[in-house]
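Note: hydrogens, waters and symmetry copies are ignored here, and every other heavy atom, side chains too, is used. Residue numbering restarts at 1 for every chain, and letters A, B, ... go by the order of the sequence lines.
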Amino acid sequence: MEPERQPNAGRRLLSPAELLAARSRDHKIPQRSHGQKDFTPDGSKEQEERLRQCRQEHWQLLEEERVERLGSLVKAEWKPGEAIVELKSPAGKFWHTMGFMDQGKQCLLPEEALYLLECGSIQLFYKDLPLSIQEAYENLLTQKSMSLLKYQVFCHLKRLGYIVLRFRPSSVPTLYEAQLNLDDHSRNTEGGRHKRKRSSSSRLQDEKPRTSEKSLEWKESPKKARRHHERSSHPPSDSSSSKERKKASDLQCTILETIPSSSATQQHEESPVCGQQRSKKNSRAGYDDVRPSRWDFSTITFPNVGADGPCTILPQPDKKVLPENVTAREVDVAVWRVRLNQKHERLTRKEREQLRWESRYKSSVNEDNEVRHCSNWQEYKALLEERRLWKKRSRPAHLWEQRVTPLVKPDQGRATADVLQQISVFQASHILDKASRLQNNSRGLMIDFDVYQADVASRFKKNDPGKPSVRMCVRRFDEQIPSLRALKQLTYQSGDIPLVFALVDNGDIAFYSFKEFKLPTDIQP
Amino acid sequence: MLYSTFSREAFPNTCSLPDRGNRRKRAGRSPAMRAGGFQPLAKAMPGLDPALQRPPCLFLSASRTVSSPLQLLLLGANAPSFPLHPLRTFPIALFAGSSALKAPIGSASHRSSPGENARGVQRGDTHPGPDMIRIHVLEGKALVWNYADVRRIREEHRIVGTLFGALARKPRQNVRLGLPLQLLPEEARLLLENGLAILCKNPASPALGEDTSQEVAVYQKELEENYQEQCRLAAEQRKALLDTLAERIAQGRAKKRQREGEEEESSSKLAEPEPSFVLPRDSMMVQLPTERINPGQEVVVDWRVPSKDWPYAGQPDHEAHYRIFRNLWERGFYVTSGSKFGGNFLVYPGDPMRFHAHYIALCVPRDTPLSLCDIISAGRLGSNVKKTVLLCSADEDGTVVYTSLQWTGMQ
């Protein structure tokens, strides 16, 4: 059992005979079948023999060197300057899930090359000399982008069969992009321009905060406006949902269709509804928000010229709803339609729920006949004022005119759950709430990998990988648990993809994730 | 309010881990369960003062921050045979600190004295001799690449480490892994301190400007020689194979001739020498070496001085953990990383390949108060996995105090 100790023992270069002999080597791992572990050493021969067998098997496996047919090895060259590995002969099957093209050459990222080297798929050269695995570790993993820690997680996942790509912040569509169906579009164009370019991550990261900031403004302001509306005691809030928007434009279009000889004047009668609603919303935002208003795409309605509503002629807006110094004319947008993204709007589950809720508890101002009779903004304001006064009169003054007023108003909260929600002190919060504001200082903690399920390998495309099944953040085991702030930032960055922490403890890897937890409520809405 | 649960993720592998099924069958085998909990510990640590072996029954009063390990120790030592507060059955009573182990006097001699230490260091620094185990530093982690070194570390020095490379024979699985072996900082330091190993760092491969044409020529020549030799050997093997089959071939041909009625044909065909066999170049076998072939210039890293490559020396945590690690190791245990059981180390009575861990070692400072919750959760965990939790506290002079936590099972 005592291994002989000679200079360079264990440092083995195989002789040609040994190399040839390796052709008929066994490729199975012996199953550990030495029975259960023992409780305590009792010095018996039997125990010793079992241990000896176990160890022998173990050392035999460890001692084996990688020997491959020259023809089945892909030659690759390490380029430290660019921190990539360039293939010198055509790539094998692995090209399906790894590698990228750079200036017409097939290249691999350092971690991919190292993994393939360990798998015996490539032979790695540097300055025309082959690199051993040890040298490859020492050379390839010195880059800042790929530390030993990350590589350990990378190869662990790869060995399990997952497809692992580096995380690219730019691959995450911003909320705004997702809303406008731009995520597919932008990815397609990007893919067309340059096939899975190497992510020069510094550039991409610089770009990221700007776009997300913009999207944040767009995202935040409608919410605020909406909340404001809900609180005020105006008639049914008119925060437009896309459904209503669609309905409005559909209405307009059907009218356009039913009256083929649509003269400009006839259209005028209908168009104010659309235009008025729009202008009203704008001015409302101006009135209510003390902040200078920004473009708020959730309250500005656009005429629907999508595939579902072929409204190609935009009528001239009613002069009454326009400022004095602005003129407008009729436009035919048929030419523009071809350039528009005409896909159906995709709603997230949350949005759909919101829509359902709105359709149940809210009604569109357009369905109010009195409102429909208003032909301009002034009349509408007058109507609102009148209604407000009427409401006031119907409420007892001693309740409603003092400093302290009831928490729940008569027209609010029809269900018990609504009332509870209204008077609750603590609001349940979502991990992503306000996370977008923390975006600016997400230093230190970064998402490292996009991980794709192994079973989609056949459908997987490098250039258009689609949504990963999880995103991976690599941490040391002895590091602090990330703060809620850092966690929010990362989750926000990850979007709707679950985030998993891979904790590396001296080569052992464990995966942990935070799951959102909702306290159960007794009352169903 | 934000509620989160923290859950461990399982990343499914196609193969199941071999010992997963065994765990349940081990029930009732823990040292704690077996003999009132106390004796196995004493048995496992020979040289223990027998006076300390009687389990003192200790009830803790209901204060939230209990005590430092030192206080526990004192309480335990003074504990009379009746409970201090017999009627107060606060939950902590379930976890009576039962034993207070002091390192046996004998272990002091095991500890390397300063003189020994210095000798080892000298040996290590001046002659990185061939019999030294080479520990390579990469990003502050200690890796061993040499197969014989790995074997020696385990078989001669009882140090296990973690393999994390792909196994040469079957690289795409995680059940059995291959070189390199990663050592805990404590494991590496033990080898280094005993003068058995050197810590070295390989500079990156030849810089861009360096001329390697000579090495390339040597490599090409060796490759060509290797190919010729393989050709020769393959031809020989083929010939040998044909020779063994010669009889059957001859029979087959004879049959064929009989069928075709050409009996006149002479046997000259058979004697005809095999046309020279050439091994296609693509079929040549090449080795992808695991370890560096040319050691090159290794830079020896001094492990006693904290540096970027080896930042551990002098860190209070590392020093404390190391003292405990070393003490346990000197008692003849195999000690591995214990993070999967929420401890600092796992202590095995024999090679982890064949034995289960008996103890989960938690390193706690000697004089810092511990919270009751921590003790309860540690004890719970230990009894759940049928192991004994050891609270280990190291002194400056190297002595280590062990306190074990067990479930008394009192109703």
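- Residues A:Phe125 and B:Val216 are not in side-chain contact: their nearest non-hydrogen atoms beyond the backbone lie 4.5 Å or more apart.
- Chain A forms the most heavy-atom pairs under 4.5 Å with one residue out of B:Gln237, B:Arg154, B:Glu229, B:Arg281, and that residue is B:Arg154.
- Neither the backbone nor the side chain of B:Arg232 comes within less than 4.5 Å of any heavy atom in chain A.
- Screening B:Leu167, B:Leu177, B:Val175 for a side chain to side chain contact (heavy atoms under 4.5 Å, CB included) involving A:Arg159 leaves a single residue, B:Leu177.
- Outside the 6.0 Å centre-distance limit, the rings of B:His136 and A:Tyr137 are not counted as a close aromatic pair.
- With sequence neighbours excluded, no residue satisfies salt bridge (Lys or Arg N to Asp or Glu O under 4.0 Å) with B:Lys170.
- Residue pairs satisfying the side-chain hydrogen bond (donor to acceptor under 3.5 Å, both in side chains) criterion with at least one member in residues 498-510 of chain A, sequence neighbours excluded, are listed as follows: A:Asp505-B:Ser337, A:Asp505-B:Ser339.
- The backbone N or O of B:Pro352 sits less than 3.5 Å from a side-chain atom of A:Lys37, completing a donor-acceptor pair.
- A:Gln134 contributes a side-chain N or O that, together with a main-chain N or O of B:Arg292, makes up a donor-acceptor pair within less than 3.5 Å.
- Between B:Lys141 and A:Leu149, the shortest heavy-atom distance links the atoms CE-CD1, 3.9 Å.
- Residue B:Pro280: no heavy atom, backbone or side chain, is found under 4.5 Å from chain A.
- In this structure, the side chains of A:Ile509 and B:Phe164 stay at 4.5 Å or more apart for every pair of heavy atoms.
- For the residue pair B:Gln287 / A:Glu65, a side-chain donor-acceptor distance below 3.5 Å is found, with atom types taken as modelled.
- Scanning residues 179-187 of chain B against chain A with a 4.5 Å non-hydrogen threshold yields B:Leu179, B:Pro180, B:Gln182, B:Leu183, B:Leu184, B:Pro185, sorted by number.
- Annotation for B:Asn174 and A:His156: closest pair ND2-O, 3.0 Å, computed over non-hydrogen atoms.
- The closest donor-acceptor contact from the side chain of A:Glu118 to the backbone of B:Ala166 lies under 3.5 Å.
- Between the B:Arg354 side chain and the A:Arg55 main chain, no donor and acceptor come within less than 3.5 Å of each other.
- The shortest distance between side-chain heavy atoms of B:Val286 and A:Val67 does not fall below 4.5 Å.
- Every residue two or more places apart in sequence or in another chain was checked for a side chain to side chain donor-acceptor pair (under 3.5 Å) with A:Arg66, and none qualifies.
- In terms of heavy-atom pairs under 4.5 Å with chain A, the best-connected choice from B:Gly165, B:Ser213, B:Ala142, B:Gly161 is B:Gly165.
- Side-chain contact between B:Arg172 and A:Cys119: present, with at least one pair of heavy atoms (C-beta onward) separated by less than 4.5 Å.
- Neither the backbone nor the side chain of B:Val218 comes within contact range of chain A, judged by heavy atoms closer than 4.5 Å.
- In summary, A:Lys127 and B:Glu215 do not engage in a salt bridge, as defined by a charged side-chain N under 4.0 Å from a carboxylate O.
- In this structure, B:Arg176 and A:Glu57 have side chains that are in contact, with non-hydrogen atoms separated by less than 4.5 Å.
- In this structure, A:Asp38 and B:His356 have side chains that are not in contact, with every pair of non-hydrogen atoms separated by 4.5 Å or more.
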